[in-house]
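Since the structure comes first, as C-alpha coordinates, the remarks are kept for the end.
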Amino acid sequence: MGMFERQKPGEPSWLGPATQARMALIPSISAARWLLLLIALAAIYFFYGFIVPVLAALVVGFATWPIYRDILRRTGNRRTIAASIAIVLIIAFLVLPIVFAVIYTSGEVKEWFTWALHVNRFGAPTPLWIVDLPIAGPWLNEQWSHYVGVPGAIGEMAQLVSGANIGNIYRAVLAAGGGAFHVVLTLLFMMIALFFVYRDGIGFVRQLDLIGERIFPNRWERISRVVPITISSTVMGMTVIAIGEGIVLGVAYWIAGVPSPVTLGVLTGIMALIPGGAPLSFTLVSLYLLGSGAQIAGVSLLVWGTVELFIVDKTLRPRLVGGPIKLPFLPTFFGLVGGVKTMGFLGLFIGPVLMAIIVAIWREWIREVELSEEEPELTEQELPVRIHRDTPKTDVDVSASR
(Lines give C-alpha, C1' and ligand atoms only; values in the text may rest on other atoms or scores of the structure.)
Protein backbone atom coordinates (compact mmCIF):
# COMPACT_ATOMS: atom_id res chain seq x y z
CA MET A 1 0.00 0.00 0.00
CA GLY A 2 1.45 3.38 -0.99
CA MET A 3 1.85 6.26 1.36
CA PHE A 4 -0.90 8.32 -0.26
CA GLU A 5 -3.41 5.54 -0.91
CA ARG A 6 -6.86 5.98 0.59
CA GLN A 7 -7.24 4.04 3.82
CA LYS A 8 -9.93 1.37 3.74
CA PRO A 9 -12.74 1.48 6.29
CA GLY A 10 -12.03 -0.51 9.43
CA GLU A 11 -8.25 -0.49 9.05
CA PRO A 12 -6.22 0.94 12.00
CA SER A 13 -4.93 4.47 11.38
CA TRP A 14 -1.32 5.55 11.79
CA LEU A 15 -2.10 7.82 14.74
CA GLY A 16 -4.49 5.55 16.60
CA PRO A 17 -8.06 4.36 16.19
CA ALA A 18 -10.31 6.62 14.16
CA THR A 19 -13.18 8.31 15.99
CA GLN A 20 -16.66 8.33 14.57
CA ALA A 21 -17.55 11.88 15.77
CA ARG A 22 -15.15 14.79 15.33
CA MET A 23 -15.10 17.46 18.06
CA ALA A 24 -14.27 21.06 17.09
CA LEU A 25 -11.41 22.72 18.92
CA ILE A 26 -13.56 25.86 19.43
CA PRO A 27 -17.34 25.47 19.80
CA SER A 28 -19.33 27.30 17.17
CA ILE A 29 -21.11 29.51 19.74
CA SER A 30 -17.83 30.64 21.33
CA ALA A 31 -16.32 31.31 17.93
CA ALA A 32 -19.32 33.41 16.92
CA ARG A 33 -19.14 35.43 20.15
CA TRP A 34 -15.41 36.11 19.79
CA LEU A 35 -15.90 37.04 16.14
CA LEU A 36 -18.69 39.44 17.10
CA LEU A 37 -16.45 40.99 19.79
CA LEU A 38 -13.59 41.46 17.32
CA ILE A 39 -15.94 43.08 14.80
CA ALA A 40 -17.26 45.45 17.50
CA LEU A 41 -13.71 46.43 18.55
CA ALA A 42 -12.72 47.00 14.91
CA ALA A 43 -15.82 49.15 14.38
CA ILE A 44 -14.98 51.24 17.47
CA TYR A 45 -11.41 51.69 16.23
CA PHE A 46 -12.32 52.74 12.70
CA PHE A 47 -15.37 54.83 13.59
CA TYR A 48 -13.98 56.42 16.74
CA GLY A 49 -14.41 59.91 15.30
CA PHE A 50 -18.16 59.37 14.97
CA ILE A 51 -18.72 58.16 18.55
CA VAL A 52 -19.11 61.67 20.01
CA PRO A 53 -21.79 62.92 17.56
CA VAL A 54 -23.66 59.60 17.75
CA LEU A 55 -23.67 59.69 21.57
CA ALA A 56 -24.83 63.30 21.48
CA ALA A 57 -27.62 62.35 19.07
CA LEU A 58 -28.73 59.51 21.34
CA VAL A 59 -28.75 61.79 24.38
CA VAL A 60 -30.78 64.50 22.61
CA GLY A 61 -33.09 61.88 21.12
CA PHE A 62 -33.83 60.29 24.50
CA ALA A 63 -34.40 63.66 26.13
CA THR A 64 -36.71 65.02 23.43
CA TRP A 65 -38.54 61.79 22.61
CA PRO A 66 -41.85 62.88 24.21
CA ILE A 67 -41.84 66.00 22.01
CA TYR A 68 -41.07 63.91 18.91
CA ARG A 69 -43.85 61.47 19.82
CA ASP A 70 -46.33 64.35 19.92
CA ILE A 71 -45.06 65.63 16.53
CA LEU A 72 -45.39 62.10 15.14
CA ARG A 73 -48.99 61.91 16.30
CA ARG A 74 -49.84 65.29 14.78
CA THR A 75 -48.29 64.33 11.40
CA GLY A 76 -50.29 61.12 11.11
CA ASN A 77 -47.41 58.77 12.05
CA ARG A 78 -45.31 59.93 9.08
CA ARG A 79 -41.89 59.28 10.56
CA THR A 80 -39.80 61.06 7.95
CA ILE A 81 -41.83 64.28 8.12
CA ALA A 82 -41.95 64.17 11.93
CA ALA A 83 -38.20 63.60 12.16
CA SER A 84 -37.54 66.52 9.79
CA ILE A 85 -39.73 68.86 11.86
CA ALA A 86 -38.02 67.76 15.07
CA ILE A 87 -34.56 68.41 13.56
CA VAL A 88 -35.61 71.92 12.51
CA LEU A 89 -36.86 72.64 16.04
CA ILE A 90 -33.62 71.33 17.59
CA ILE A 91 -31.53 73.53 15.30
CA ALA A 92 -33.66 76.61 15.92
CA PHE A 93 -33.96 76.38 19.71
CA LEU A 94 -30.80 74.54 20.79
CA VAL A 95 -27.97 74.46 18.26
CA LEU A 96 -28.06 78.01 16.88
CA PRO A 97 -28.19 79.79 20.28
CA ILE A 98 -25.25 77.69 21.54
CA VAL A 99 -23.22 78.36 18.38
CA PHE A 100 -23.83 82.12 18.51
CA ALA A 101 -22.95 82.23 22.21
CA VAL A 102 -19.71 80.32 21.66
CA ILE A 103 -18.69 82.53 18.72
CA TYR A 104 -19.36 85.72 20.67
CA THR A 105 -17.66 84.36 23.76
CA SER A 106 -14.50 83.48 21.82
CA GLY A 107 -14.20 87.15 20.78
CA GLU A 108 -14.54 88.37 24.37
CA VAL A 109 -12.02 85.76 25.60
CA LYS A 110 -9.59 87.01 22.97
CA GLU A 111 -9.91 90.52 24.45
CA TRP A 112 -9.18 89.08 27.90
CA PHE A 113 -5.99 87.45 26.64
CA THR A 114 -4.95 90.69 24.95
CA TRP A 115 -5.36 92.49 28.28
CA ALA A 116 -3.40 89.71 30.04
CA LEU A 117 -0.52 90.06 27.56
CA HIS A 118 -0.44 93.82 28.12
CA VAL A 119 -0.50 93.46 31.92
CA ASN A 120 2.16 90.74 31.78
CA ARG A 121 4.46 93.10 29.87
CA PHE A 122 3.96 96.32 31.83
CA GLY A 123 2.13 95.31 35.03
CA ALA A 124 -1.03 96.94 36.38
CA PRO A 125 -2.06 98.53 39.67
CA THR A 126 -4.78 97.01 41.80
CA PRO A 127 -8.25 98.20 40.70
CA LEU A 128 -9.95 100.49 43.17
CA TRP A 129 -13.02 98.29 43.49
CA ILE A 130 -10.83 95.45 44.81
CA VAL A 131 -9.07 97.76 47.27
CA ASP A 132 -12.42 99.07 48.54
CA LEU A 133 -13.86 95.63 49.24
CA PRO A 134 -14.69 95.17 52.94
CA ILE A 135 -12.59 92.72 54.99
CA ALA A 136 -10.89 91.03 52.01
CA GLY A 137 -9.75 94.24 50.25
CA PRO A 138 -6.28 94.59 51.82
CA TRP A 139 -5.46 90.90 51.38
CA LEU A 140 -6.61 90.91 47.74
CA ASN A 141 -4.56 94.09 47.13
CA GLU A 142 -1.46 92.33 48.41
CA GLN A 143 -2.07 89.24 46.28
CA TRP A 144 -2.73 91.37 43.17
CA SER A 145 0.49 93.32 43.67
CA HIS A 146 2.45 90.08 44.02
CA TYR A 147 0.91 87.98 41.22
CA VAL A 148 -0.36 90.59 38.72
CA GLY A 149 1.12 94.03 39.39
CA VAL A 150 4.76 93.04 38.70
CA PRO A 151 5.76 92.75 34.99
CA GLY A 152 6.04 89.09 33.99
CA ALA A 153 4.07 87.83 37.01
CA ILE A 154 1.10 86.55 34.97
CA GLY A 155 3.45 84.66 32.64
CA GLU A 156 5.19 82.98 35.57
CA MET A 157 1.88 82.01 37.15
CA ALA A 158 0.53 80.64 33.84
CA GLN A 159 3.70 78.63 33.29
CA LEU A 160 3.50 77.27 36.81
CA VAL A 161 -0.12 76.16 36.35
CA SER A 162 -0.16 74.93 32.74
CA GLY A 163 3.50 74.35 31.93
CA ALA A 164 3.40 76.84 29.01
CA ASN A 165 4.01 80.58 28.84
CA ILE A 166 1.18 83.01 28.24
CA GLY A 167 2.18 83.63 24.62
CA ASN A 168 1.83 79.95 23.77
CA ILE A 169 -1.53 79.82 25.56
CA TYR A 170 -2.73 82.83 23.55
CA ARG A 171 -1.65 81.20 20.28
CA ALA A 172 -3.37 77.98 21.34
CA VAL A 173 -6.61 79.90 21.92
CA LEU A 174 -6.34 81.45 18.45
CA ALA A 175 -5.67 78.02 16.95
CA ALA A 176 -8.72 76.65 18.75
CA GLY A 177 -10.78 79.34 17.06
CA GLY A 178 -9.61 77.93 13.74
CA GLY A 179 -11.14 74.57 14.64
CA ALA A 180 -14.63 75.92 14.03
CA PHE A 181 -14.89 73.77 10.90
CA HIS A 182 -14.39 70.64 13.01
CA VAL A 183 -17.15 71.77 15.39
CA VAL A 184 -19.53 72.46 12.50
CA LEU A 185 -18.74 69.05 10.98
CA THR A 186 -19.41 67.36 14.33
CA LEU A 187 -22.74 69.15 14.65
CA LEU A 188 -23.65 68.12 11.10
CA PHE A 189 -22.96 64.46 11.85
CA MET A 190 -24.92 64.77 15.07
CA MET A 191 -27.94 66.17 13.22
CA ILE A 192 -27.78 63.37 10.63
CA ALA A 193 -27.56 60.72 13.36
CA LEU A 194 -30.38 62.41 15.30
CA PHE A 195 -32.62 62.32 12.22
CA PHE A 196 -32.24 58.53 11.97
CA VAL A 197 -32.66 58.17 15.74
CA TYR A 198 -36.04 59.88 15.39
CA ARG A 199 -37.12 58.07 12.25
CA ASP A 200 -35.92 54.53 13.07
CA GLY A 201 -35.80 54.74 16.87
CA ILE A 202 -38.81 52.48 17.52
CA GLY A 203 -37.44 49.66 15.40
CA PHE A 204 -33.96 50.07 16.88
CA VAL A 205 -35.33 49.86 20.42
CA ARG A 206 -37.23 46.69 19.53
CA GLN A 207 -34.05 45.07 18.20
CA LEU A 208 -32.11 46.28 21.24
CA ASP A 209 -34.69 44.67 23.54
CA LEU A 210 -34.24 41.33 21.77
CA ILE A 211 -30.47 41.44 22.24
CA GLY A 212 -30.74 42.78 25.78
CA GLU A 213 -33.04 39.94 26.85
CA ARG A 214 -30.44 37.48 25.59
CA ILE A 215 -27.54 39.18 27.41
CA PHE A 216 -29.38 40.14 30.64
CA PRO A 217 -32.43 37.87 30.76
CA ASN A 218 -33.46 38.82 34.31
CA ARG A 219 -32.26 42.42 34.48
CA TRP A 220 -32.82 43.93 31.06
CA GLU A 221 -36.41 44.95 31.73
CA ARG A 222 -35.40 47.09 34.71
CA ILE A 223 -32.29 48.50 33.01
CA SER A 224 -34.24 49.39 29.86
CA ARG A 225 -36.73 51.35 32.00
CA VAL A 226 -34.14 53.13 34.15
CA VAL A 227 -31.76 54.29 31.40
CA PRO A 228 -34.23 56.42 29.34
CA ILE A 229 -35.66 58.02 32.49
CA THR A 230 -32.13 58.71 33.71
CA ILE A 231 -31.07 60.34 30.45
CA SER A 232 -34.22 62.45 30.25
CA SER A 233 -34.03 63.60 33.86
CA THR A 234 -30.31 64.38 33.62
CA VAL A 235 -30.60 66.37 30.40
CA MET A 236 -33.71 68.24 31.54
CA GLY A 237 -32.59 68.72 35.11
CA MET A 238 -28.99 69.74 34.43
CA THR A 239 -28.41 70.75 30.82
CA VAL A 240 -31.61 72.58 29.87
CA ILE A 241 -31.86 74.38 33.20
CA ALA A 242 -28.16 75.28 33.06
CA ILE A 243 -28.60 76.78 29.59
CA GLY A 244 -31.67 78.69 30.78
CA GLU A 245 -29.88 80.04 33.85
CA GLY A 246 -26.92 81.10 31.71
CA ILE A 247 -29.21 83.02 29.35
CA VAL A 248 -31.31 84.65 32.09
CA LEU A 249 -28.35 85.65 34.24
CA GLY A 250 -26.38 86.75 31.17
CA VAL A 251 -29.18 89.16 30.31
CA ALA A 252 -29.16 90.33 33.94
CA TYR A 253 -25.40 90.93 33.70
CA TRP A 254 -25.95 93.01 30.56
CA ILE A 255 -28.68 95.09 32.22
CA ALA A 256 -26.49 95.62 35.30
CA GLY A 257 -23.65 96.91 33.11
CA VAL A 258 -21.16 94.10 33.79
CA PRO A 259 -18.33 93.92 31.22
CA SER A 260 -18.35 90.84 28.92
CA PRO A 261 -21.89 89.76 29.85
CA VAL A 262 -22.04 87.00 27.20
CA THR A 263 -18.85 85.33 28.42
CA LEU A 264 -19.96 85.59 32.03
CA GLY A 265 -23.37 84.18 31.07
CA VAL A 266 -21.75 81.20 29.33
CA LEU A 267 -19.50 80.62 32.35
CA THR A 268 -22.53 80.84 34.63
CA GLY A 269 -24.34 78.24 32.51
CA ILE A 270 -21.33 75.92 32.70
CA MET A 271 -21.06 76.45 36.44
CA ALA A 272 -24.80 75.72 36.78
CA LEU A 273 -24.10 72.14 35.72
CA ILE A 274 -22.34 71.73 39.07
CA PRO A 275 -24.51 71.92 42.21
CA GLY A 276 -24.02 75.35 43.77
CA GLY A 277 -22.20 76.74 40.73
CA ALA A 278 -24.85 79.26 39.63
CA PRO A 279 -25.18 80.95 43.07
CA LEU A 280 -21.41 81.24 43.30
CA SER A 281 -21.25 82.85 39.84
CA PHE A 282 -23.82 85.61 40.29
CA THR A 283 -22.61 86.25 43.85
CA LEU A 284 -19.07 86.95 42.61
CA VAL A 285 -20.42 89.24 39.87
CA SER A 286 -22.56 91.04 42.45
CA LEU A 287 -19.49 91.55 44.66
CA TYR A 288 -17.67 93.00 41.65
CA LEU A 289 -20.48 95.50 41.11
CA LEU A 290 -20.54 96.42 44.82
CA GLY A 291 -16.78 96.91 44.86
CA SER A 292 -16.78 99.02 41.71
CA GLY A 293 -19.28 101.47 43.21
CA ALA A 294 -22.51 100.24 41.57
CA GLN A 295 -24.27 99.35 44.82
CA ILE A 296 -27.80 99.42 43.40
CA ALA A 297 -26.86 97.21 40.44
CA GLY A 298 -24.95 94.79 42.68
CA VAL A 299 -27.77 94.42 45.23
CA SER A 300 -30.38 94.14 42.46
CA LEU A 301 -28.37 91.43 40.70
CA LEU A 302 -27.95 89.48 43.94
CA VAL A 303 -31.68 89.71 44.71
CA TRP A 304 -32.69 88.79 41.15
CA GLY A 305 -30.33 85.80 41.07
CA THR A 306 -31.64 84.54 44.40
CA VAL A 307 -35.29 84.89 43.34
CA GLU A 308 -34.64 83.29 39.94
CA LEU A 309 -32.79 80.37 41.51
CA PHE A 310 -35.60 79.87 44.06
CA ILE A 311 -38.23 79.83 41.31
CA VAL A 312 -36.25 77.34 39.21
CA ASP A 313 -35.54 74.99 42.12
CA LYS A 314 -39.09 75.06 43.51
CA THR A 315 -41.19 75.08 40.32
CA LEU A 316 -39.36 74.25 37.09
CA ARG A 317 -36.82 71.68 38.26
CA PRO A 318 -39.37 69.32 39.93
CA ARG A 319 -41.49 69.42 36.75
CA LEU A 320 -38.59 68.80 34.38
CA VAL A 321 -36.74 66.27 36.49
CA GLY A 322 -38.95 63.20 36.34
CA GLY A 323 -36.46 60.44 37.04
CA PRO A 324 -35.22 58.80 40.23
CA ILE A 325 -31.58 59.73 39.63
CA LYS A 326 -30.25 62.70 41.54
CA LEU A 327 -26.49 62.82 41.08
CA PRO A 328 -24.33 63.80 44.04
CA PHE A 329 -21.70 66.48 43.64
CA LEU A 330 -18.68 64.21 43.04
CA PRO A 331 -20.15 62.09 40.17
CA THR A 332 -21.50 65.27 38.57
CA PHE A 333 -18.11 66.95 38.77
CA PHE A 334 -16.28 63.89 37.40
CA GLY A 335 -18.79 63.55 34.56
CA LEU A 336 -18.45 67.22 33.64
CA VAL A 337 -14.64 67.39 33.74
CA GLY A 338 -14.15 63.96 32.19
CA GLY A 339 -16.62 64.71 29.42
CA VAL A 340 -14.94 67.99 28.51
CA LYS A 341 -11.47 66.42 28.58
CA THR A 342 -12.50 63.45 26.44
CA MET A 343 -15.14 64.84 24.08
CA GLY A 344 -14.65 68.60 24.10
CA PHE A 345 -17.63 70.95 24.23
CA LEU A 346 -20.18 68.18 23.70
CA GLY A 347 -18.75 66.46 26.76
CA LEU A 348 -20.55 69.05 28.85
CA PHE A 349 -23.76 67.24 27.92
CA ILE A 350 -22.56 63.65 27.42
CA GLY A 351 -20.31 63.30 30.48
CA PRO A 352 -22.95 63.87 33.18
CA VAL A 353 -25.41 61.66 31.30
CA LEU A 354 -22.98 58.74 31.13
CA MET A 355 -22.16 59.19 34.81
CA ALA A 356 -25.89 59.21 35.62
CA ILE A 357 -26.36 55.93 33.71
CA ILE A 358 -23.48 54.34 35.64
CA VAL A 359 -24.97 55.51 38.94
CA ALA A 360 -28.43 54.25 37.93
CA ILE A 361 -27.15 50.78 37.01
CA TRP A 362 -25.09 50.66 40.22
CA ARG A 363 -28.13 51.55 42.34
CA GLU A 364 -30.23 48.92 40.57
CA TRP A 365 -27.55 46.34 41.29
CA ILE A 366 -27.35 47.34 44.96
CA ARG A 367 -31.15 47.27 45.20
CA GLU A 368 -31.25 43.77 43.76
CA VAL A 369 -28.62 42.57 46.26
CA GLU A 370 -30.53 44.14 49.16
CA LEU A 371 -33.80 42.52 48.07
CA SER A 372 -32.13 39.13 47.77
CA GLU A 373 -30.71 39.47 51.29
CA GLU A 374 -34.10 40.46 52.72
CA GLU A 375 -35.80 37.23 51.60
CA PRO A 376 -36.76 35.21 54.71
CA GLU A 377 -35.14 31.85 55.29
CA LEU A 378 -37.47 28.90 54.68
CA THR A 379 -38.37 26.52 57.48
CA GLU A 380 -38.35 22.74 57.10
CA GLN A 381 -42.14 22.72 56.70
CA GLU A 382 -42.09 25.40 53.94
CA LEU A 383 -39.16 23.93 52.00
CA PRO A 384 -41.04 21.05 50.24
CA VAL A 385 -43.83 23.44 49.26
CA ARG A 386 -41.32 25.96 47.85
CA ILE A 387 -39.44 23.25 45.91
CA HIS A 388 -42.68 21.89 44.46
CA ARG A 389 -43.81 25.40 43.48
CA ASP A 390 -40.49 26.38 41.85
CA THR A 391 -39.99 23.07 40.02
CA PRO A 392 -40.62 23.39 36.25
CA LYS A 393 -43.69 21.59 34.96
CA THR A 394 -41.69 19.53 32.44
CA ASP A 395 -39.53 18.00 35.16
CA VAL A 396 -42.62 16.98 37.14
CA ASP A 397 -44.19 15.31 34.12
CA VAL A 398 -41.03 13.36 33.32
CA SER A 399 -40.68 12.06 36.87
CA ALA A 400 -44.32 11.04 36.87
CA SER A 401 -43.96 9.14 33.64
CA ARG A 402 -41.08 7.19 35.06
Side-chain angles (χ1 to χ4, degrees), residues 50 52-108 177 179-202 228 231-255 261-270 272-273 308 312 316-317 319-322 339 343-350 352-353:
F50 297 94
V52 173
V54 169
L55 285 177
L58 289 175
V59 169
V60 176
F62 272 116
T64 58
W65 191 259
I67 301 175
Y68 168 73
R69 191 167 49 196
D70 185 64
I71 296 174
L72 185 64
R73 180 180 57 83
R74 293 176 181 273
T75 55
N77 292 327
R78 298 175 182 176
R79 293 182 297 173
T80 303
I81 298 177
S84 302
I85 296 174
I87 291 295
V88 172
L89 294 177
I90 291 294
I91 293 175
F93 294 100
L94 183 62
V95 176
L96 288 181
I98 293 176
V99 170
F100 290 149
V102 170
I103 292 174
Y104 196 88
T105 301
S106 62
E108 292 186 349
F181 176 75
H182 176 71
V183 175
V184 172
L185 196 62
T186 302
L187 288 175
L188 178 62
F189 284 137
M190 187 191 76
M191 290 294 105
I192 294 174
L194 183 59
F195 174 81
F196 287 100
V197 167
Y198 283 141
R199 197 190 69 173
D200 304 325
I202 299 176
I231 294 177
S232 179
S233 65
T234 303
V235 172
M236 291 297 182
M238 295 177 59
T239 307
V240 174
I241 292 179
I243 293 175
E245 289 185 353
I247 294 173
V248 172
L249 291 175
V251 173
Y253 297 157
W254 174 71
I255 295 174
V262 177
T263 302
L264 291 177
V266 172
L267 293 177
T268 302
I270 296 174
L273 293 172
E308 182 265 341
V312 169
L316 294 180
R317 195 182 297 271
R319 292 178 179 274
L320 293 177
V321 180
M343 303 177 183
F345 177 74
L346 292 177
L348 288 174
F349 310 95
I350 300 176
V353 169

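Quick caveat, the model's predicted, so the values are computed rather than measured.
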Using every non-hydrogen atom in the two residues, find where [X] and [Y] come nearest and quote the distance to one decimal.
| X | Y | result |
| --- | --- | --- |
| Ala272 | Glu245 | CB-OE1, 3.3 Å |
| Ala193 | Ala57 | CB-CB, 3.7 Å |
| Thr186 | Pro53 | O-CB, 3.7 Å |

Measuring from [X]:[atom1] to [Y]:[atom2], what's the distance to the nearest 0.5 Å?
| X | Y | atom1 | atom2 | result |
| --- | --- | --- | --- | --- |
| Ile87 | Ile192 | CD1 | CD1 | 9.5 Å |
| Ile90 | Met191 | CD1 | CE | 6.5 Å |
| Leu187 | Leu96 | CG | CG | 9.5 Å |
| Ile255 | Leu249 | CD1 | CG | 11.0 Å |

Next item on the list: Applying side-chain contact (heavy atoms from CB on, under 4.5 Å), name anything that partners Ile81, two or more places apart in sequence or on another chain.
Entry: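 Once residues adjacent in sequence are excluded, the partners of Ile81 under the side-chain contact (heavy atoms from CB on, under 4.5 Å) criterion are Thr75, Arg78, Ile85.
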
Margin query: Ring centroids only, cut at 6.0 angstrom: are Trp65 and Phe62 within range, meaning strictly under it?
Written below: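 Ring centres of Phe62 and Trp65 not closer than 6.0 Å.
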
With heavy-atom distances below 4.5 Å as the criterion, would you say the side chains of [X] and [Y] are in contact?
| X | Y | result |
| --- | --- | --- |
| Tyr68 | Val197 | no |
| Thr80 | Phe195 | yes |
| Leu72 | Tyr198 | no |
| Leu89 | Ile71 | yes |

